[in-house]
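Whatever order the structure lists them in is the order used to number ligands and atoms, beginning at 1.
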Amino acid sequence: MLPLQSRHTFALPVMARDIIEISKAEQLTEVDFNIPFMILGEGSNTVFLNDYSGLVISMRNKGIEKTQDDEFIYLNVAAGENWHELVCSTLADGILGLENLALIPGSVGATPVQNIGAYGVEVKQLIEYVKGYNINQKRFYTLSNEQCEFSYRESIFKGQLKQKFVITEVGFKFKKSWRAELSYGPLKKILLTGNNKEDAKKIFHQVVAIREEKLPDPKKIPNAGSFFKNPIILEPKLQKIIKEYPKIPHYPVGLNSQNIKAFKLAAGWLIEQANFKGFRIAGIEVNPKQALVLLNHGNSTGEDITNMILSIQQTIKDKFSVDLEHEVRIIDTDGECKITLNHSCFKG
Ligand code: EPU
C-alpha cells in the first residue's frame with residue numbers, strides 16, 4: 001500500500017494498493033487496465049474516503065508547444081502541467097485569455113473533465129481539442145471541442161468516456177483580438193486602460209485577490225475547492241422559493257428541453273442560509289468565509305465527510321426543496337461513488 005495523503009488536496013491519510021506515474025503518454029499502452037484503476041492529476045477535485053484497493057494512475061507528463069497564425073495562438077499542453085503555472089506563463093508571454101481562471105488548483109489534464117470555470121469564463125471557451133488514450137480500443141486519438149460535450153462542470157469524460165479515456169494533452173486556441181471578460185460582479189469595477197496585456201494582468205491580479213480572500217490555499221488548510229455544484233432548477237420551483245426567500249441569488253441559464261426557463265442557484269448562499277458556516281463534524285468544517293468549501297483540519301475519517309455531505313444535502317432539501325450534488329469526485333475503497341440522500345455511496 002502507498003500513501004495518498006499528499007496526492008489529494010483534501011489530504012485524508014489514506015493509502016492506495018498501487019500508484020503508477022505516467023511521465024510519457026506512451027507508457028499508457030503498457031498499463032494493465034484489467035484491474036480496478038483511477039486516473040489522478042494533482043488531486044485537487046478528488047476526495048479519497050478510505051484506502052483505495054485499486055491502481056492510481058498519476059499523470060505527470062510535461063511539455064508545451066506553441067504555434068500561431070494571423071488570428072490565433074495555439075498551445076498544445078501535456079496533461080501533467082500545472083494549471084496555474086500555465087496561466088502565469090501564458091500571460092507573461094502575452095497570450096491572453098486564461099486570466100479569469102487564475103489560481104485554480106490542479107493539472108491541465110483535469111481541466112476539461114469538469115470544464116473548470118470561474119469569474120465568467122469556462123475552460124471550454126479556450127479548448128480547441130483534447131488528446132488521449134482510449135483504454136478499450138488501445139489507441140490514441142483527438143476529440144474536437146464539440147466532441148467533448150462540455151456543459152456546466154460536465155463533459156464526455158465524466159459521462160460516456162468515464163474510465164475509458166485517459167487525457168494526455170489539451171489543445172488551447174487564443175484569439176489574438178482579446179476581449180476582457182468582466183461580467184462577474186466583483187470584476188465589473190476594473191477600469192481598462194486599452195493596453196490588452198496590462199488589462200489582462202489587472203484581471204489576473206483581481207481574480208487572485210478574490211480567490212485568496214475567499215478560498216483557502218489547500219497547501220495551508222486542506223480542501224477540494226467548491227464541494228457542491230450550483231444547482232439548476234426550473235422557473236416554477238424558483239418562484240415558490242422566491243416567495244419565501246426574495247433575496248435568493250439566481251442566474252438564468254437558458255431553457256430546458258420542454259422550453260421551461262432554468263436558473264442556477266448559488267449553493268454557497270443556500271448553505272450559508274442554513275447556518276452551516278463554521279459547522280463541524282470532527283475535523284471537517286464548512287468554510288466560514290465561503291460555505292461552498294469544506295475544510296479538513298485533520299483527525300477526520302471518510303465517514304465524517306460522508307456525514308457532512310448527507311447533513312448538508314438533507315438540510316438544504318428540507319429548507320429549500322433543492323437537491324445538492326457534490327462537485328468533487330469521491331473515491332471509496334472500490335472506486336468512485338456518488339453520495340446522495342437515497343444512496344450513501346452509489347457506484348455506477
Ligand atoms: N454566496 C453566499 N455565501 C457563501 C458563498 C456564496 O451568499 O458562503 C453567494 C455570493 O454572495 C454570490 C453567490 O453566492 O452571490 C456566488 O458565490 P461565488 O461568487 O463565491 O461563487 P460560487 O458560485 O460559490 C462558483 C464556482 C467556483 C468559482 C466561483 C467564481 C461552482 C461549483 N463553483 O462558486 O469554482 O471560483 O463561482 O466564479 O461552480 C470550484 O469549482 O472549485 C470553484 C472554486
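Taking the six-membered ring where the residue is Trp, Phe48 and His8 present perpendicular rings, their angle passing 60° and hence far from 30°. The aromatic rings of Phe204 and His84 sit parallel to each other, their planes meeting at less than 30°, with 60° as the upper class boundary.
Using a 4.0 Å cut-off between charged side-chain N and carboxylate O, Lys277 and Glu272 make a salt bridge. A salt bridge is defined here as a Lys NZ or Arg NE, NH1 or NH2 lying under 4.0 Å from an Asp or Glu carboxylate O, and Glu325 with Lys338 meets this definition. Salt bridge annotation for Lys162-Glu336: present, with a cationic side-chain nitrogen under 4.0 angstrom from a carboxylate oxygen. Ion pairing between a basic and an acidic side chain is recognised when a charged N comes within 4.0 Å of a carboxylate O; Lys24 and Glu26 show no such pairing.
The protein atom (non-hydrogen) at minimum distance from atom 14 (O) of ligand 1 is Ala266 CB, 3.1 Å. Atom 3 (N) of ligand 1 has as its closest protein heavy atom Glu272 OE1, 2.6 Å. Atom 18 (P) of ligand 1 has Tyr184 OH, 3.6 Å as its closest protein atom, hydrogens excluded (heavy atom only). Here the heavy atom of the protein found nearest to atom 33 (N) of ligand 1 is Ser226 OG, 2.9 Å. The shortest contact between atom 20 (O) of ligand 1 and any protein heavy atom is with Gln290 NE2, 2.8 Å. At the top of the distance list for atom 30 (C) of ligand 1, counting protein heavy atoms only, stands Tyr119 CE2, 3.4 Å. Among protein heavy atoms, atom 35 (O) of ligand 1 sits closest to Arg153 NH2, 3.0 Å. Nearest to atom 8 (O) of ligand 1 among the protein's heavy atoms is Ala291 N, 2.8 Å.
The closest approach between any non-hydrogen atom of Tyr251 and ligand 1 is below 4.0 Å. Every heavy atom of Gln114 sits 4.0 Å or more from the atoms of ligand 1.
Taking only nitrogen or oxygen atoms, main chain and side chain alike, Arg211 reaches within less than 3.5 Å of ligand 1.
There is no protein heavy atom less than 4.0 angstrom from atom 11 (O) of ligand 1.
Centroid-to-centroid, the aromatic rings of Phe165 and Phe157 come within less than 6.0 Å. A distance of 6.0 Å or more separates the ring centres of Tyr74 and Phe174.
Proximity of Lys289 to ligand 1, defined as any heavy-atom pair under 4.0 Å, is not found for any part of the residue.
Each of the following atoms of ligand 1 lies closer than 4.0 Å to a heavy atom of Tyr152: 31 (C), 32 (C), 39 (O). Listed by number with element, the atoms of ligand 1 under 4.0 Å from a non-hydrogen atom of Phe228 are 32 (C). Which parts of ligand 1 touch Lys277 is read off a 4.0 Å heavy-atom cut-off, strictly below it: atoms 8 (O). Ligand-side atoms of ligand 1 in range of Lys214: 20 (O), range being under 4.0 angstrom from any heavy atom. Atom numbering of ligand 1 starts at 1 in the shown order; those under 4.0 Å from a heavy atom of Asn230 are 23 (O), 31 (C), 39 (O). Near Gly225, the atoms of ligand 1 lying under 4.0 angstrom from a non-hydrogen atom of the residue are 42 (O). Ligand-side atoms of ligand 1 in range of Ala118: 28 (C), 36 (O), 38 (O), range being under 4.0 angstrom from any heavy atom.
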- Could you walk me through whether Phe228 and His326 pass the ring-ring contact (aromatic ring centres under 6.0 Å, His included) check? CA-CA 4 Å; Phe228 296 94; His326 55 81; 7.4 Å; no

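Side chain of Asn76 to main chain of Glu169: no donor-acceptor pair is present (N/O by atom type, distance under 3.5 Å, no hydrogens or angles). For the pair Ser107 (side chain) and Gly80 (backbone), a donor-acceptor distance under 3.5 Å is absent. Under a 3.5 Å cut-off, the side chain of Asp318 and the backbone N or O of Thr315 do not form any donor-acceptor pair.
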